[in-house]
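Here the structure comes first, spelled out in structure tokens, and everything after it is commentary.
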Protein chains: 2
Amino acid sequence: MKENTSPIYYADATPLLLAVDCIIFGFDRDSLKLLLFQRKVAPFQDEWSLIGSFVKQEESVLKAAERVLKTHTGLTNVFMEELGSYGEVERDPGARVISIAHYALMRLAEEYKQIDQTYKAQWFEFDQLPDLILDHHQMVQDALEKLRRKTRYRPIGFELLPEKFTIPQLRMLYEVIYQRPLDRRNFRKKILSMKILEKLEEKDKTSSRKGAFLYRFNPEKYQEMVKRGVDFVI
Amino acid sequence: MKENTSPIYYADATPLLLAVDCIIFGFDRDSLKLLLFQRKVAPFQDEWSLIGSFVKQEESVLKAAERVLKTHTGLTNVFMEELGSYGEVERDPGARVISIAHYALMRLAEEYKQIDQTYKAQWFEFDQLPDLILDHHQMVQDALEKLRRKTRYRPIGFELLPEKFTIPQLRMLYEVIYQRPLDRRNFRKKILSMKILEKLEEKDKTSSRKGAFLYRFNPEKYQEMVKRGVDFVI
DNA sequence: AAAGATAAGCGTTATTTTTACACTTCATAA
DNA sequence: TTATGAAGTGTAAAAATAACGCTTATCTTT
């Protein structure tokens with residue numbers, strides 16, 4: 001309707017196909033995982049792939065990515081952020097498609113089975129990834145690099161853990177992401193010194209007789225820290 | 001031709017207009033500047049705007065951004081990196097256009113006049129920016145934030161300086177970007193301790209009687225530092 | 001020709017942050 | 001009742017950062 005009443009601008013420009021793809025990270029006790037899908041359409045039907053979709057005329061790019069995530073995992077309110085665009089001319093032999101990749105961080109344990117059963121999807125360990133179509137392997141590598149950088153300077157690691165977690169669990173997460181051991185005692189001191197975690201009364205006893213106290217990330221406290229001019233760094 | 005012999009995939013997807021926009025930073029002695037253009041086409045003709053263009057069928061997104069930069073500044077080999085996509089449905093009343101913003105860092109002094117005269121372009125101080133069309137002001141703010149973060153952890157500040165520069169000039173650049181004073185002596189020590197600069201015999205005497213030695217950033221030395229596992233941080 | 005001015009450059013000390021590592025505690029299993 | 005093993009606490013050394021005084025080189029002024 002709008003198109004009929006308004007003058008037509010940009011008439012000389014060529015429209016292109018624009019897609020979004022999602023790199024979905026999960027963390028399960030002691031390993032980082034990636035959610036992959038068996039592609040339903042040609043070309044490359046049935047091969048392993050990131051999940052994606054074309055951006056529709058009447059939805060924003062971000063909304064498109066959120067739609068993809070919701071459709072294939074059933075989840076909303078998942079941390080997601082733009083990774084970047086993949087715009088080489090020949091990247092998709094099916095057609096000229098530009099893809100804007102997004103990466104998402106999921107609390108895995110809770111939703112693990114649900115996703116697995118409903119869709120042709122599977123969680124993969126990072127050292128056992130199958131071949132991926134197009135430039136999806138590059139996207140995954142770039143996302144991993146971004147995750148490593150970003151978790152260091154921003155409090156997004158919590159998005160990969162359940163709401164309540166222990167300090168050792170949090171440390172394990174960072175060890176897996178950074179691929180190197182972190183001193184138990186120094187890690188605890190550092191994270192607690194930021195005063196961005198709430199200590200709960202409950203303990204998690206799944207990994208020791210003694211049990212470890214559960215904590216919760218408190219975004220308000222994080223904001224206060226930022227106001228104080230203190231940087232989040234791990 | 002390809003389209004004729006291959007099966008047609010993705011037939012149900014709607015093509016969209018995809019553009020690139022460039023946020024062009026420059027640094028001139030003691031101030032950070034932004035290159036803006038008077039828009040040539042409707043809507044918003046003659047208003048101040050970032051420079052951009054539609055991505056063509058047969059060029060990559062990056063190539064499109066480089067083309068824009070070359071066309072309007074005459075320069076190639078300029079540092080440029082993707083900022084992110086701007087994909088709200090109503091962001092451009094002219095049509096549904098998704099823009100992938102890129103930011104570029106230019107050695108200003110050398111090219112200052114040339115650009116100014118050839119195109120309807122003008123360098124603006126950051127505290128004196130005119131109103132900008134569409135979401136371009138947001139793009140500029142986002143680019144500024146990215147520049148602040150990125151210059152801290154990556155050696156890209158040099159892209160804004162002439163090839164040969166003095167330590168005080170480099171410090172001034174960082175002071176302008178961070179908007180806070182840095183201790184002369186500690187700054188010098190820190191940057192020299194990285195051993196990524198080459199000291200030259202020449203002096204620059206434009207800002208003191210004594211004159212300051214000129215240095216040159218050495219990418220090879222920077223790579224060595226990275227290999228040694230040392231982080232670049234200022 | 002000497003004195004004054006000023007940014008460039010060098011050095012020292014105090015403070016804070018990071019690293020390394022020893023010891024104690026808690027709750028269960030044997 | 002005791003042995004076990006991760007959770008949690010403490011402390012000292014080392015490294016990085018911040019604060020700041022002093023000297024040097026060269027031009028301008030007298």
Side-chain angles (χ1 to χ4, degrees), chain A residues 29-31 151-153 155 161-162 164-176 178-216 225-226 228-234, chain B residues 29-31 151-153 155 161-162 164-176 178-216 225-226 228-234:
Chain A
R29 305 187 59 78
D30 59 356
S31 74
T151 47
R152 180 134 187 233
Y153 299 111
L161 292 174
K164 300 172 183 181
F165 54 85
T166 68
I167 306 281
Q169 279 168 13
L170 182 62
R171 176 174 51 83
M172 184 82 84
L173 169 65
Y174 276 94
E175 288 185 335
V176 166
Y178 297 160
Q179 293 278 285
R180 70 184 175 88
L182 301 172
D183 184 273
R184 290 185 302 116
R185 295 149 289 189
N186 294 336
F187 180 85
R188 159 178 247 101
K189 253 180 297 182
K190 192 165 196 173
I191 193 75
L192 288 181
S193 74
M194 296 184 199
K195 301 185 186 306
I196 58 177
L197 301 184
E198 264 175 62
K199 186 176 183 176
L200 306 177
E201 291 309 311
E202 310 165 65
K203 277 187 166 186
D204 174 308
K205 294 200 178 160
T206 55
S207 67
S208 80
R209 310 195 206 293
K210 183 178 181 179
F213 280 102
L214 288 163
Y215 288 79
R216 187 165 28 207
M225 183 183 83
V226 171
R228 262 182 281 134
V230 180
D231 288 350
F232 179 96
V233 182
I234 286 181
Chain B
R29 304 185 58 77
D30 60 356
S31 74
T151 47
R152 178 134 188 231
Y153 299 112
L161 292 175
K164 300 173 183 179
F165 54 85
T166 67
I167 307 281
Q169 279 168 15
L170 183 62
R171 177 174 53 82
M172 184 82 84
L173 169 65
Y174 276 95
E175 288 185 334
V176 166
Y178 297 162
Q179 293 278 287
R180 71 186 174 87
L182 301 172
D183 184 273
R184 290 184 300 118
R185 294 148 289 188
N186 293 337
F187 180 85
R188 159 177 248 105
K189 255 180 295 181
K190 192 165 196 174
I191 193 75
L192 288 180
S193 74
M194 296 185 199
K195 300 186 187 306
I196 58 177
L197 301 185
E198 262 176 64
K199 186 176 182 175
L200 307 177
E201 291 308 312
E202 310 165 66
K203 276 188 168 184
D204 173 307
K205 295 202 179 157
T206 55
S207 66
S208 80
R209 311 194 204 295
K210 184 178 178 179
F213 279 103
L214 287 163
Y215 288 79
R216 185 164 30 206
M225 184 183 85
V226 171
R228 266 182 276 134
V230 180
D231 288 349
F232 178 95
V233 181
I234 287 182

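Throughout, protein chains are lettered first and strands after them, A, B, ... in sequence-line order, and every chain is numbered starting at 1.
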Original post:
Rounded to the nearest 0.5 Å, how far apart are CG of B/D204 and CZ of B/F165?
Top reply: 12.0 Å

Original post:
Looking at CG of A/D183 and NZ of A/K189, how far apart are the two atoms once the value is rounded to the nearest 0.5 Å?
Top reply: 7.5 Å

**OP:** Evaluate side-chain contact (heavy atoms from CB on, under 4.5 Å) for B/I167 paired with B/L197, printing each intermediate quantity in order.
**Re:** CA-CA 10 Å; B/I167 307 281; B/L197 301 185; 3.9 Å; yes

Subject >> Between C/dA7 (C1') and B/R185 (CZ): distance, integer Å >> reply: 12 Å

Original post:
Considering heavy-atom distances to DNA chain C, does B/N186 or B/Q169 have its closest nucleotide positioned more toward the 5' end?
Top reply: B/Q169

Original post:
Closer to the 5' end of DNA chain C via nearest nucleotide, is it B/I167 or B/K189?
Top reply: B/I167

Subject >> B/I196 side chain reached by B/F232 side chain, heavy atoms, under 4.5 Å >> reply: yes

**OP:** Calculate the interatomic distance between A/R188 atom CZ and C/dC21 atom C1'; express it in whole Å.
**Re:** 16 Å

Subject >> pair B/Q169-B/M172: side-chain heavy atoms closer than 4.5 Å >> reply: no

Original post:
Quick one: B/D183 CG to C/dT12 P, roughly how many Å, whole number?
Top reply: 16 Å

Original post:
Can you check the A/K190 NZ to C/dT19 C1' distance for me, whole Å?
Top reply: 10 Å

**OP:** Specify the separation, in whole Å, of atom CZ of B/F165 and atom C1' of C/dA8.
**Re:** 16 Å

Subject >> Distance (rounded to the nearest 0.5 Å) between A/L161 CG and A/L173 CG >> reply: 5.0 Å

Subject >> Integer-rounded Å distance: C/dA7 C1' and B/E175 CD >> reply: 14 Å

**OP:** Side-chain contact test, heavy atoms from C-beta onward, threshold under 4.5 Å: evaluate it for B/V233 versus B/Y153 and give yes or no.
**Re:** yes

Original post:
Earliest and latest nucleotide of DNA chain D, 5' to 3', sitting under 4.0 Å from a non-hydrogen atom of chain A?
Top reply: D/dT4 to D/dT11

Original post:
Among residues 200-215 of chain A, which contact DNA chain C at a heavy-atom distance under 4.0 Å?
Top reply: A/K203, A/K205, A/R209, A/K210

Original post:
Does the side chain of B/M194 reach to within under 4.5 Å of the side chain of B/V230, using non-hydrogen atoms?
Top reply: no

**OP:** Any chance you could measure B/L182, atom CG, to B/Y174, atom OH, to the nearest 0.5 Å?
**Re:** 10.0 Å

